[in-house]
**Q** 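Quick one: this structure, given as structure tokens, is what I'll be asking you about.
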Amino acid sequence: MNYKSVTGTRDVLPDEQPYWRFIEKKIYEITSLYGYQRVDPPVFEQTRLFIRGVGETTDIVEKEMYTFLDKGKNSITLRPEFTAGVMRLYLQNGMHVLPKPVKLFSIGPIFRYERPQAGRFRQHTQFNVEALGELDPAIDLEVMSIAWQLYAELGFKGLTFQLNSTGCPECRPKYIETLKAYYKNHIDVICDDCKRRLDRNALRLLDCKKDSCQPVIAKAPVISEHLCDECRDHFQTLQSYLNLMGRPYTINHKLVRGLDYYTKTVFEVWAQGIGSQNAVCGGGRYDGLVEQLGGQFTPGIGFGSGIERIILSMKEQGIEPDPILSPIVMIAHSGEAGRKKAVEMTFKLREQKMPTLLSFGERSLKSQLREANRRQVKFVVILGEREIGENIAAIKDLHEGKQVDIPLDETIKFIAEKVKL
RNA sequence: GUGGGCGUAGCUCAGUUGGUUAGAGUACCAGGUUGUGGCCCUGGAUGUCGCGGGUUCAAAUCCCGUCGCUCACCCCA
């Protein structure tokens with residue numbers, strides 16, 4: 001084999017397409033139900049947008065971006081997430097004059113240079129939702145509900161949100177100091193990774209999976225008990241809304257997200273069947289981001305959901321997507337006149353929106369029938385010497401195993417009626 | 001970036017302590033029906049045994065290197 005797909009990328013073959021269609025269809029239905037409009041920012045942006053938007057010290061920016069110089073010597077980066085690009089799109093196109101909240105969604109590929117594993121790829125596809133300009137926790141509920149309803153309508157069972165609040169620039173730094181102080185008293189028992197986290201990204205200390213660190217995490221100060229009044233109110237109101245709607249959720253004190261811009265609400269939806277990953281969906285509130293990128297203060301909340309992970313999880317749970325319609329008629333033929341008639345009839349049937357296949361070349365009727373069977377069509381129209389001579393078509397129903405002769409000029413009508421049934 | 005497992009036919013895999021022309025299932029093609037699919041029967045085609053080097057009379061098998069895939073860690077959808 002001379003050429004292979006690049007590490008961490010994958011081919012989506014016909015067998016998997018029904019999943020994609022099914023999911024996309026549900027996304028369109030639900031976003032329009034909630035009043036979200038689609039936007040498509042470009043796949044690449046100026047590198048500095050992501051550095052500023054995602055955060056200089058995040059893993060994504062430090063080691064996972066596909067960054068290159070184009071021929072004009074501009075530093076370009078394939079998007080490692082949607083939010084920064086959507087914020088840029090919002091500002092550049094003056095969308096801040098629209099009635100708030102501005103509610104947007106996107107679907108498209110995301111690129112991160114990571115080691116691939118089950119449920120993780122270097123190119124994956126995200127369904128992304130953003131709501132801008134609204135502080136009311138009801139918008140948090142709305143955004144979370146989009147994710148919820150999508151998975152519910154796809155057929156997922158036993159859904160639960162993982163929920164936490166990461167505070168705001170007011171209360172979070174104070175909490176981080178408290179957390180650091182606590183950890184410094186236990187520095188002799190924590191793992192090397194955690195020692196590094198203590199300096200660089202203290203919130204991630206809580207997410208360590210090493211057994212030896214668990215006792216320390218268990219007794220660590222909890223952020224929800226260190227929130228400022230505003231953040232605590234927001235968090236409590238959101239919980240009351242979730243209770244009202246009967247949406248199950250688990251307060252997860254260890255849930256911190258890897259991007260710098262999150263404030264207040266952070267959440268994930270977990271699923272089975274995606275290897276050691278568990279999130280099909282992750283998101284939260286980012287009230288300072290638009291300002292950070294040069295706009296006016298504009299609160300926002302959103303999430304990203306990985307479609308490949310949704311599909312893996314659907315397969316795991318045995319959820320079948322709606323099938324894609326395949327051709328139901330095939331035209332077989334023999335002899336010069338039959339062949340001509342077959343070409344003509346194929347295209348006429350397609351003009352009538354009848355999904356039709358033409359048998360190509362000069363082959364035995366047996367081999368044409370075999371192909372028809374393999375392609376799972378229901379009807380085969382046979383146009384051979386006998387049929388042409390008698391000005392008829394033989395129509396064989398492969399499911400029933402029955403065959404009838406129909407006058408040539410009535411065959412299209414005959415099939416059209418059969419197919420309707 | 002770190003660690004484990006694995007690279008044999010289009011696909012899924014077998015290949016015993018190194019030993020003749022490397023196998024099975026499935027898919028594919030043909031015949032069994034000189035105009036009729038599926039099921040069944042018979043036959044056929046298909047491989048640089050990932051790549052490079054080494055050990056040996058002899059390597060798919062052992063050793064080294066390399067590339068790739070995969071799972072996990074970090075992190076994330």
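Please read all numbers here as calculations on a predicted model, not as lab measurements. In what follows, chains are A, B, ... by sequence order, proteins preceding strands, each numbered from 1.
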**Q** Between A:Ser276 and B:rC73, is there a contact of a side-chain N or O with OP1 or OP2 at under 4.0 Å?
**A** yes
**Q** When you measure from the side chain of A:Lys4, which nucleotide among B:rG68, B:rA77, B:rG32 comes out closest?
**A** B:rG68
**Q** To the nearest 0.5 Å, what is the distance between OG1 on A:Thr31 and CD on A:Gln37?
**A** 10.0 Å
**Q** Between B:rC28, B:rU36, B:rA77, which one does the side chain of A:Leu259 approach most closely?
**A** B:rA77
**Q** At 4.0 Å (heavy atoms only), tell me whether A:Phe121 reaches a base, stays on the sugar-phosphate, or touches nothing.
**A** base
**Q** Over all strands shown, is A:Glu387 touching base, sugar-phosphate only, or nothing at heavy-atom distances under 4.0 angstrom?
**A** base
**Q** Nearest of B:rG35, B:rC75, B:rC73 to any side-chain atom of A:Leu365?
**A** B:rG35
**Q** How is A:Gly275 classified with respect to the nucleic acid when contacts are heavy atoms under 4.0 Å: base, sugar-phosphate, or nothing?
**A** sugar-phosphate
**Q** What integer number of Å spans the P atoms of B:rU61 and B:rC49?
**A** 10 Å
**Q** In the structure I gave you, are the side-chain heavy atoms of A:Leu163 and A:Leu238 within less than 4.5 Å of one another anywhere?
**A** yes
**Q** Figure out the CG/C1' separation between A:Asp11 and B:rG10, and round it to whole Å.
**A** 15 Å
**Q** Hey, is the side chain of A:Asn373 pairing donor to acceptor with the base of B:rG37 inside 3.5 Å?
**A** yes
**Q** Give me the distance, rounded to whole Å, that separates B:rU26 from B:rG38 when you measure between the P atoms they each carry.
**A** 15 Å
**Q** Output the single nucleotide from B:rA77, B:rU36, B:rC74 whose closest atom is nearest the side chain of A:Asp59.
**A** B:rC74
**Q** Side chains of A:Glu62 and A:Thr57: is there a donor and an acceptor less than 3.5 Å apart?
**A** no
**Q** Tell me: CG of A:Leu312 to P of B:rU70, nearest whole Å?
**A** 12 Å
**Q** Reading RNA chain B from 5' onward, which residue's closest nucleotide shows up sooner: A:Arg363 or A:Arg309?
**A** A:Arg363
**Q** Taking the side chain from A:Arg79 and the backbone from A:Phe44, do they hold a donor-acceptor pair closer than 3.5 Å?
**A** no
**Q** Considering only the C1' atoms, how many Å lie between B:rA77 and B:rU8, rounded to the nearest integer?
**A** 36 Å
**Q** Considering only the P atoms, how many Å lie between B:rG1 and B:rA60, rounded to the nearest integer?
**A** 33 Å
**Q** Would you classify A:Ser334 as touching base, sugar-phosphate or nothing, given that sugar-phosphate means primed atoms plus P, OP1 and OP2, and contacts are heavy atoms under 4.0 Å?
**A** nothing
**Q** Can you measure A:Glu114 atom CD to B:rU2 atom C1' for me and round it to whole angstrom units?
**A** 15 Å
**Q** Report all side-chain donor-acceptor pairs from residues 327-335 of chain A shorter than 3.5 Å, counting only partners two or more places apart or in another chain.
**A**
unit_1	atom_1	unit_2	atom_2	d
A:His333	NE2	A:Ser359	O	2.7
A:Ser334	OG	A:Glu385	OE1	2.9

**Q** Whole-Å distance between B:rC75 C1' and A:Arg122 CZ?
**A** 14 Å
**Q** Could you check whether A:Arg370 gets within reach of a base, just the sugar-phosphate, or nothing at all, counting any heavy atom under 4.0 Å?
**A** sugar-phosphate
**Q** Roughly how far apart, to the nearest Å, are B:rC69 and B:rA30 at atom P?
**A** 37 Å
**Q** Assess, by modelled atom type and distance only, whether the side chains of A:Gln126 and A:Ser305 contain a donor and an acceptor separated by less than 3.5 Å.
**A** no
**Q** Given the structure, check if the side chain of A:Lys396 and the base of B:rG37 hold any donor-acceptor pair shorter than 3.5 Å.
**A** yes
**Q** Using atom P in both nucleotides, what's the gap between B:rA27 and B:rC74 to the nearest angstrom?
**A** 43 Å
**Q** Measuring only the C1' atom in each nucleotide, how far is B:rU20 from B:rG25? A whole number of Å is fine.
**A** 26 Å
**Q** Which one, B:rG37, B:rA77, B:rA72, comes nearest to the side chain of A:Ala118?
**A** B:rA72
**Q** What's the CG-C1' distance between A:Asn128 and B:rA77, to the nearest Å?
**A** 10 Å
**Q** Among A:Phe105, A:Phe127, A:Tyr36, find the residue that satisfies the ring pair (Phe, Tyr, Trp, His ring centres under 6.0 Å) test when tested with A:Phe303.
**A** A:Phe127
**Q** In whole angstrom, what separates A:Leu203's CG from B:rC75's C1'?
**A** 15 Å
**Q** Among B:rG35, B:rG37, B:rC74, which nucleotide has an atom closest to any side-chain atom of A:Glu385?
**A** B:rG35
**Q** Flag the pair A:Leu33 / A:Gln149 as yes when at least one side-chain heavy-atom distance between them is below 4.5 Å, and no otherwise.
**A** yes
**Q** How is A:Thr7 classified with respect to the nucleic acid when contacts are heavy atoms under 4.0 Å: base, sugar-phosphate, or nothing?
**A** sugar-phosphate
**Q** Atom CD1 of A:Ile395 to atom C1' of B:rG37: distance rounded to whole Å?
**A** 17 Å
**Q** What does A:Ala279 touch in the nucleic acid at a heavy-atom separation under 4.0 angstrom: a base, only the sugar-phosphate, or nothing?
**A** sugar-phosphate
**Q** Starting at the 5' end of RNA chain B and moving along, which residue's nearest nucleotide shows up first, A:Val256 or A:Gln403?
**A** A:Gln403
**Q** Tell me which nucleotide among B:rC73, B:rG35, B:rG37 gets nearest to the side chain of A:Gln117.
**A** B:rC73
**Q** Using every non-hydrogen atom in the two residues, find where A:Phe156 and A:Ile310 come nearest and quote the distance to one decimal.
**A** CZ-O, 3.7 Å
**Q** Reckon A:Arg374 touches a base, only the sugar-phosphate, or nothing at all at heavy-atom distances under 4.0 Å?
**A** sugar-phosphate
**Q** Taking only the P atom of each, what is the distance from B:rA24 to B:rG18 in whole angstrom?
**A** 24 Å
**Q** Using atom CD of A:Gln368 as one end and atom P of B:rC29 as the other, report the distance to the nearest whole Å.
**A** 13 Å
**Q** Would you state whether a donor and an acceptor, one from the side chain of A:Gln376 and one from the base of B:rG38, lie under 3.5 Å apart?
**A** no
**Q** Quick test of your reading of the model: are A:Glu336 and A:Arg339 salt-bridged, counting only N-O distances below 4.0 Å?
**A** yes
**Q** How would you label the contact of A:Gln277 with the nucleic acid (heavy atoms, under 4.0 Å): base, sugar-phosphate, or nothing?
**A** base
**Q** Just need the stems in RNA chain B: three or more back-to-back Watson-Crick or G-U pairs, each with both distances under 3.5 angstrom, sorted by first number.
**A** B:1-7 with B:67-73, B:10-13 with B:23-26, B:28-32 with B:40-44, B:50-54 with B:62-66
**Q** A:Arg204 side chain N/O closer than 4.0 Å to the phosphate oxygens (OP1, OP2) of B:rC75?
**A** yes
**Q** Would A:Phe161 and A:Trp148 satisfy ring pair (Phe, Tyr, Trp, His ring centres under 6.0 Å), going step by step from the backbone distance to the final call?
**A** CA-CA 9 Å; A:Phe161 285 113; A:Trp148 179 274; 5.4 Å; yes
**Q** Check whether the side chain of A:Arg115 and the base of B:rC75 form a donor-acceptor pair under 3.5 Å.
**A** no
